[in-house]
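First up is the structure itself, then whatever we jot down about it.
Keep in mind that the numbers below use all heavy atoms, side chains included, and drop hydrogens, waters and symmetry copies. Note on naming: letters A, B, ... go to the chains in the order of the sequence lines (proteins, then strands), and numbering restarts at 1 for each one.
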Number of protein chains: 2
Amino acid sequence: MSLKHAMLGLLSDGPASGYDLLKTFDVSLANVWTATQSQLYAELGRLADAGLIEVTAEGPRGRKEYAITEAGLTELRRWLTEPSPSHPRRSEMLLRVFFLNQLSPEQARAYMRGLAENAEREQEQLSRLKEVVGQGKDALSVYGMIALEWGLRGSALLSEWARWAETEIVEHAGSTPGTQPPGSTPACTRET
Amino acid sequence: MSLKHAMLGLLSDGPASGYDLLKTFDVSLANVWTATQSQLYAELGRLADAGLIEVTAEGPRGRKEYAITEAGLTELRRWLTEPSPSHPRRSEMLLRVFFLNQLSPEQARAYMRGLAENAEREQEQLSRLKEVVGQGKDALSVYGMIALEWGLRGSALLSEWARWAETEIVEHAGSTPGTQPPGSTPACTRET
DNA sequence: ATAGTCATGTAATGAGTTACATGATTGC
DNA sequence: GCAATCATGTAACTCATTACATGACTAT
């Protein structure tokens, strides 16, 4: 239940309305955590009920400004220091790679090439972003820079890996769709 | 809705029962896509209703063996060639990094250190796995090796990044919990 | 006989998405 | 006056998790 903690985190920086938070999710947290408007307002209600946040002001158009409470801050720090659950093992990208033998080698290479191109575009965007905020007036905090660096290194890795993989996929016999023998699914066993 | 495609992918390799698929998810796909038993049986029903798979045999204990149909194969290949939706922008790990200023620098470094250690453990496991399947009797397909290589490179990157980040976190004034000024949330704007 | 594994299902709950619905205020 | 933006909420649906429930077969 990380939406809750994302919201507590944002409110720990100062009071805000649901509308404000929504915008923050769209810009600051866009690459880290996404949330929809419906979700946000529902969760605001729940957090307020639980006493982790409270309404501190009401403005025009029914605007309600929320602030984090002491209990909320405590919960935020508790979450930050609890042992991380291992990262979610679910990647549509890899799932496709796993079943790429259903396509022709040429189509499979095209898939990897597409991944590489996307990664390169993302890398470019992040590089520009780094320059913009790097020495801008609203300098990133250390932690923002660390997160940005992750994006940068990650997209570089993705494009390198995809380019490498492309060269690994060569013409293969016996894998024309429908003719491969059963039992040939690639194994990627977890050792527990 | 990738569970559907994961199941079609597995069945494209040969007929199997729900029970068989469950085991395959636990071993072969453990690092790529997870599924629970409830989910699996429910989805089998839906896929059969949709005509993408069909029951080809019944065994003891009510065992039902399913096989992919032509329609299912077509759907699988369609999914493999459709443009990839951009990867899910939701990472609990990064979310925590973003709000690490709520902790003391020492605690924040401990968090990064924990990430690095986990990554190093994973890297070791994958290395061993690579050796085992690398020249074993049930050799990995090219695609399985490509996926494994991603895991290997990814965990190496994670540990390097986390170790680097640890050195970036130094003692800071004004960030004792509760005393930082509003408006200092790190920005990581997406450029759209 | 009885423990282990094979084998399938249902119910409750939580989390997330899309679409719908409504209305106030501000700037031109 | 009107368009844009501010602002909050509800409803229906899908996806995933956990727990519960049941029973057949196999090997010792």
For the pair made of [atom1] in [X] and [atom2] in [N], what is the distance, rounded to whole Å?
| X | N | atom1 | atom2 | answer |
| --- | --- | --- | --- | --- |
| Glu58(B) | dA7(C) | CD | C1' | 12 Å |
| Asp26(B) | dT5(C) | CG | P | 14 Å |
| Tyr19(B) | dC25(D) | OH | C1' | 12 Å |
| Leu40(A) | dC6(D) | CG | P | 16 Å |
| Tyr66(A) | dA7(D) | OH | P | 13 Å |
| Leu22(A) | dT8(D) | CG | C1' | 11 Å |
| Leu21(A) | dG9(D) | CG | P | 13 Å |
| Phe25(B) | dC15(D) | CZ | P | 14 Å |

Checking contacts here: which listed nucleotide ([options]) is nearest the side-chain heavy atoms of [X]?
| X | options | result |
| --- | --- | --- |
| Thr36(B) | dA7(D), dA19(C), dT17(D) | dT17(D) |
| Gln39(A) | dT17(C), dT17(D), dC6(D) | dT17(C) |
| Gln37(B) | dA21(D), dT18(D), dA11(D) | dA21(D) |
| Arg61(A) | dG23(C), dT17(C), dT10(C) | dG23(C) |
| Arg90(A) | dC15(D), dA16(D), dT5(C) | dA16(D) |

_Any carboxylate oxygen within less than 4.0 angstrom of a Lys/Arg side-chain nitrogen, looking at Arg113(B) and Glu166(B)?_
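Yes.
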*Using a distance-only test with no angle check, is there a side-chain donor-acceptor pair under 3.5 angstrom linking Trp79(B) and Gln102(A)?*
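Gln102(A) and Trp79(B) do not have a side-chain donor-acceptor pair below 3.5 Å.
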Does [N] have its OP1 or OP2 closer than 4.0 Å to a side-chain nitrogen or oxygen of [X]?
| X | N | value |
| --- | --- | --- |
| Tyr41(B) | dG9(C) | no |
| Arg63(B) | dA7(C) | yes |
| Lys64(B) | dG9(C) | yes |

Using a 3.5 Å cut-off and no angle test, enumerate the donor-acceptor pairs between side-chain atoms of residues 14-23 of chain A and protein atoms at least two apart in sequence or in another chain.
unit_1: Ser17(A); atom_1: OG; unit_2: Tyr19(A); atom_2: N; d: 3.4
unit_1: Ser17(A); atom_1: OG; unit_2: Asp20(A); atom_2: N; d: 3.1
unit_1: Ser17(A); atom_1: OG; unit_2: Asp20(A); atom_2: OD2; d: 3.2
unit_1: Ser17(A); atom_1: OG; unit_2: Arg63(A); atom_2: NH1; d: 3.4
unit_1: Asp20(A); atom_1: OD2; unit_2: Ser17(A); atom_2: N; d: 3.1
unit_1: Asp20(A); atom_1: OD2; unit_2: Arg63(A); atom_2: NH2; d: 2.6

*asked:* Quick check on DNA chain C: between Lys23(B) and Ala42(B), whose nearest nucleotide comes earlier from the 5' end?
replied: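 So the residue in question is Lys23(B).
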*Within 45 degrees of the axis of the six-membered ring of Trp33(B) and under 6.0 Å from its centre: does Arg89(A) put its NZ or CZ there?*
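No cation-pi geometry.
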_Mind checking if Ser38(A) touches a base, just sugar-phosphate, or nothing, with heavy atoms under 4.0 Å?_
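The residue Ser38(A) makes base contact.
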_If you assign each of Glu65(A) and Ser2(B) to its closest nucleotide in DNA chain D, which residue comes earlier from the 5' end?_
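This one resolves to Glu65(A).
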*asked:* Within the structure provided, determine whether Leu29(A) and Leu10(A) are in side-chain contact (heavy-atom separation under 4.5 Å).
replied: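 Side-chain contact under 4.5 Å: yes.
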